[in-house]
Amino acid sequence: QVQLVESGGGLVQAGDSLRLSCAASGRTISSYAMGWFRQAPGKDREFVATISWSAANTYYANSVKGRFTVSRDNAKNTLYLQMSSLKPEDPAVYYCAARSYRPGAPSTYDRVGEYAYWGQGTQVTVSS
């Protein structure tokens, strides 16, 4: 079992930057693909970014490409999401997720149902 705890959310102004962290415990995440998702009120949870176990591969939603950067520090068992140029449409609860990697399987995943482990989320609010 992997336990995930997000942190770093808060209230910022449009155009500001924010870095989210996701601390894992229970198991090392070095053999897990990781992802970030977000959910705004009244909307479905949507994909934001994903990163392979080795960090060699990343993939982003079009809405955040060029503004957000996903990274990981396996030695610290932590996933990050650096968010820049935040827009009024970015506010949501941001969740990190993990799924175990298997040789021969895809290295990144962009669907909610593909992840087995989830954090409790951290709120990001953007004022215009």
Side-chain angles (χ1 to χ4, degrees):
Q1 293 286 340
V2 176
Q3 291 79 45
L4 304 171
V5 178
E6 302 93 337
S7 62
L11 171 63
V12 295
Q13 292 187 332
D16 283 353
S17 298
L18 200 62
R19 189 176 83 157
L20 305 183
S21 299
C22 172
S25 61
R27 288 188 178 180
T28 175
I29 62 170
S30 59
S31 60
Y32 286 77
M34 305 291 293
W36 285 100
F37 291 76
R38 66 187 182 185
Q39 188 168 19
K43 296 187 177 181
D44 292 336
R45 192 168 298 188
E46 65 174 8
F47 167 73
V48 174
T50 179
I51 185 168
S52 61
W53 66 273
S54 65
N57 298 307
T58 58
Y59 177 65
Y60 298 89
N62 288 335
S63 58
V64 306
K65 197 174 297 182
R67 300 188 297 122
F68 291 11
T69 302
V70 60
S71 62
R72 64 192 296 162
D73 187 336
N74 287 342
K76 294 183 178 180
N77 232 27
T78 302
L79 174 74
Y80 303 99
L81 183 68
Q82 178 67 49
M83 304 185 293
S84 302
S85 302
L86 283 161
K87 298 180 178 180
E89 56 263 36
D90 291 323
V93 177
Y94 282 71
Y95 298 90
C96 67
R99 69 161 287 155
S100 59
Y101 165 75
R102 287 182 173 81
S107 60
T108 57
Y109 301 88
D110 60 359
R111 298 182 181 182
V112 171
E114 293 175 320
Y115 287 87
Y117 305 102
W118 292 85
Q120 85 291 345
T122 186
Q123 178 72 52
V124 173
T125 304
V126 180
S127 64
S128 56

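Just so you know, these numbers use all the heavy atoms, side chains as well, and skip hydrogens, waters and symmetry mates.
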Check: [Y] main-chain N/O paired with [X] side-chain donor or acceptor under 3.5 Å:
{"X": "Glu6", "Y": "Gln120", "value": "yes"}
{"X": "Thr78", "Y": "Lys76", "value": "yes"}
{"X": "Trp36", "Y": "Tyr80", "value": "yes"}
{"X": "Arg72", "Y": "Ser52", "value": "yes"}
{"X": "Asn77", "Y": "Arg27", "value": "yes"}

Could you tell me which non-hydrogen atom of [X] sits nearest to which non-hydrogen atom of [Y], and how far apart they are?
{"X": "Tyr115", "Y": "Ala33", "answer": "CE2-O, 4.0 Å"}
{"X": "Ser17", "Y": "Gln82", "answer": "CB-NE2, 3.9 Å"}
{"X": "Met34", "Y": "Thr50", "answer": "O-OG1, 3.0 Å"}
{"X": "Ser128", "Y": "Ala14", "answer": "CA-CB, 4.3 Å"}
{"X": "Leu4", "Y": "Tyr117", "answer": "CD1-O, 3.6 Å"}

Worksheet item: How many angstroms lie between CG in Asp16 and CG in Asp90, if you round to the nearest 0.5 Å?
Response: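 CG of Asp90 is found 12.0 Å from CG of Asp16.
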Worksheet item: CD of Glu46 to CD of Gln39: how many Å apart, nearest 0.5 Å?
Response: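 With rounding to 0.5 Å, CD (Glu46) is 9.5 Å from CD (Gln39).
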Are [X] and [Y] joined in one hydrophobic group, where the rule is that I, L, V, M, F, W and Y side chains link up if heavy atoms are under 4.5 Å apart?
{"X": "Met83", "Y": "Tyr60", "value": "yes"}
{"X": "Leu81", "Y": "Leu86", "value": "yes"}
{"X": "Val70", "Y": "Leu18", "value": "yes"}
{"X": "Phe37", "Y": "Leu79", "value": "no"}

Worksheet entry | Arg45 charged N/C atom sitting above Tyr95 aromatic ring, 6.0 Å / 45° |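 That pair qualifies as a cation-pi contact.
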Worksheet item: Counting only heavy atoms not in Lys43, do more than 12 fall under 6.0 Å of its NZ?
Response: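 For Lys43, atom NZ is not crowded (no more than 12 foreign heavy atoms under 6.0 Å).
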Discussion item. Counting only heavy atoms from other residues, nucleotides and ligands, does the tally under 6.0 Å from CD of Gln1 exceed 12?
Written reply: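 No, CD of Gln1 has 12 or fewer neighbouring heavy atoms, counting only those of other groups under 6.0 Å.
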Item to complete: Would you check, one step at a time, whether the test side chain to side chain donor-acceptor pair (under 3.5 Å) holds for Arg38 with Tyr94?
Response: CA-CA 4 Å; Arg38 66 187 182 185; Tyr94 282 71; 2.9 Å; yes
Worksheet item: Do the ring planes of Phe47 and Tyr59 sit parallel (below 30°), tilted (30 to 60°) or perpendicular (above 60°)?
Response: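 Phe47 vs Tyr59 ring planes: parallel.
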Fill in: Pairs satisfying disulfide (SG to SG under 2.5 Å), at least one member in residues 50-123, at least two apart
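Listed once each, the pairs are Cys22-Cys96.
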Under 3.5 Å, side-chain donor or acceptor atoms of residues 106-113 against the rest of the protein: list the pairs with distances, not counting sequence neighbours.
| unit_1 | atom_1 | unit_2 | atom_2 | d |
| --- | --- | --- | --- | --- |
| Ser107 | OG | Asn57 | ND2 | 3.1 |
| Tyr109 | OH | Pro106 | O | 2.7 |

Worksheet entry | Test log, rule side-chain contact (heavy atoms from CB on, under 4.5 Å), inputs Ile29 and Trp53 | CA-CA 7 Å; Ile29 62 170; Trp53 66 273; over 6 Å; no
